[in-house]
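Report on the following structure.
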Amino acid sequence: MRYCLILLGMFLFLQVHAQEDKTGQEESKEHTKTGMATYYARRFEGRRTTSGKRYRRHKLTAAHRTLPFGTIVTVTNLSNGKSVDVEITDRGPFTKRYIIDISEAAAKALGFFRKGQSKVEISYDTKGV
């Protein structure tokens, strides 16, 4: 009887310990969304973004409503297949029509600077987001 209790105690200890190890690891998932993108107007050059950084049109940055600042998002133009990685530094867009606002440099890299908007796919990895 005593050995059964000892074995049962060891089994329970190992089960609890194994569950603690699993919860300590953060799971990374890739998320993908499709929608319209636009870019910042030149008049915003040099203004502070919500993150505190200044907007610079020649840098690869973007605004998103909910993603944490510093998140790297891959934006793909669905009409031509071009992709670019941008860093989230601001909040927006504040209309439901667009899922992301990107910098002028990113719009040029994606090939829709002259059009003003394009259908895009955004993808990003999250750890606890």
Side-chain angles (χ1 to χ4, degrees):
M1 182 71 166
R2 180 180 273 180
Y3 293 111
C4 277
L5 288 176
I6 291 172
L7 287 174
L8 181 62
M10 288 175 56
F11 175 76
L12 290 175
F13 172 77
L14 292 174
Q15 279 292 91
V16 170
H17 186 67
Q19 288 178 352
E20 286 176 4
D21 286 346
K22 288 180 186 175
T23 58
Q25 299 171 354
E26 290 188 25
E27 216 174 285
S28 177
K29 292 183 179 180
E30 184 170 315
H31 296 277
T32 318
K33 293 182 182 175
T34 303
M36 296 297 288
T38 188
Y39 62 90
Y40 285 83
R42 282 193 175 179
R43 66 186 169 116
F44 294 109
E45 177 69 23
R47 293 189 188 178
R48 288 215 184 267
T49 62
T50 310
S51 68
K53 294 181 179 182
R54 291 199 182 274
Y55 169 68
R56 298 293 181 212
R57 64 188 173 143
H58 65 275
K59 294 198 174 189
L60 298 174
T61 59
H64 191 273
R65 286 186 287 275
T66 58
L67 288 175
F69 297 133
T71 302
I72 303 299
V73 177
T74 301
V75 183
T76 304
N77 185 342
L78 294 178
S79 66
N80 62 17
K82 292 182 179 181
S83 292
V84 68
D85 289 340
V86 295
E87 179 185 357
I88 301 299
T89 60
D90 203 4
R91 290 290 169 235
F94 297 107
T95 174
K96 297 219 180 222
R97 180 176 181 173
Y98 300 105
I99 61 170
I100 195 165
D101 278 338
I102 61 175
S103 64
E104 185 177 308
K108 286 180 179 178
L110 291 171
F112 73 85
F113 177 70
R114 291 190 185 269
K115 286 177 58 178
Q117 64 183 10
S118 184
K119 189 167 185 177
V120 298
E121 178 182 88
I122 64 171
S123 59
Y124 50 93
D125 287 334
T126 58
K127 290 183 180 177
V129 173

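- The two residues Ile88 and Leu67 make their nearest non-hydrogen contact at CG2-O, 3.9 Å.
- Two residues are said to be in side-chain contact when any heavy atoms from C-beta on lie closer than 4.5 Å; Thr49 and Thr61 fail this criterion.
- Here the side chains of Arg65 and Pro93 are in contact, with some heavy-atom distance below 4.5 Å.
- Atom-to-atom distance recorded for Ile100:CD1 and Asp90:CG is 11.0 Å, nearest 0.5 angstrom.
- We find the CZ-OG1 distance between Arg91 and Thr66 to be 7.0 Å, quoted to the nearest 0.5 Å.
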| message | With side chain to side chain contact (heavy atoms under 4.5 Å, CB included) as the criterion, how do His64 and Phe69 come out once you've worked through the C-alpha distance, each side chain's angles and the decisive distance to 0.1 Å? | response | CA-CA 9 Å; His64 191 273; Phe69 297 133; over 6 Å; no
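- Between Lys33 and Glu121 no salt bridge is recorded (no basic side-chain N to carboxylate O distance below 4.0 Å).
- Tyr40 and Tyr55 have parallel rings, their planes meeting at less than 30° on a 0 to 90° scale where 60° marks the start of perpendicular.
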| message | Between Lys59 and Lys53, is the side chain to side chain contact (heavy atoms under 4.5 Å, CB included) condition met? List the steps. | response | CA-CA 12 Å; Lys59 294 198 174 189; Lys53 294 181 179 182; over 6 Å; no
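- Of all heavy-atom pairs between Thr76 and Gly81, the closest is CG2-O, 4.0 Å.
- One hydrophobic cluster, built from ILVMFWY side chains closer than 4.5 Å, cannot hold both Val86 and Tyr98; they sit in different ones.
- Between Val120 and Ala37 the shortest heavy-atom distance is CG2-CB, 3.6 Å.
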| request: Go through the steps to decide whether Glu30 and Ser123 satisfy the test side chain to side chain contact (heavy atoms under 4.5 Å, CB included), and finish with yes or no. | output: CA-CA 7 Å; Glu30 184 170 315; Ser123 59; 3.8 Å; yes
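- Closest heavy-atom contact between Val75 and Ile122: CG2-CG2, 4.1 Å.
- Side-chain contact between Phe112 and Ile102 is present, with heavy atoms from C-beta onward closer than 4.5 Å.
- Residues Gly70 and Glu87 come closest through the heavy atom pair CA-OE2, 3.6 Å.
- For the residue pair Ala109 and Val84, the shortest heavy atom distance occurs at CB-CG2, 4.3 Å.
- One finds the NZ atom of Lys119 at 8.5 Å from the CE atom of Met36 (value rounded to the nearest 0.5 Å).
- The closest donor-acceptor contact from the side chain of Glu45 to the backbone of Arg57 lies under 3.5 Å.
- Not a single donor-acceptor pair under 3.5 Å links the side chain of Tyr39 to the backbone N or O of Ala106.
- The closest side-chain donor-acceptor pair between Asp101 and Thr38, if any, does not fall under 3.5 angstrom.
- Few gaps surround CZ on Arg47; more than 12 heavy atoms of other groups in view lie less than 6.0 Å from it.
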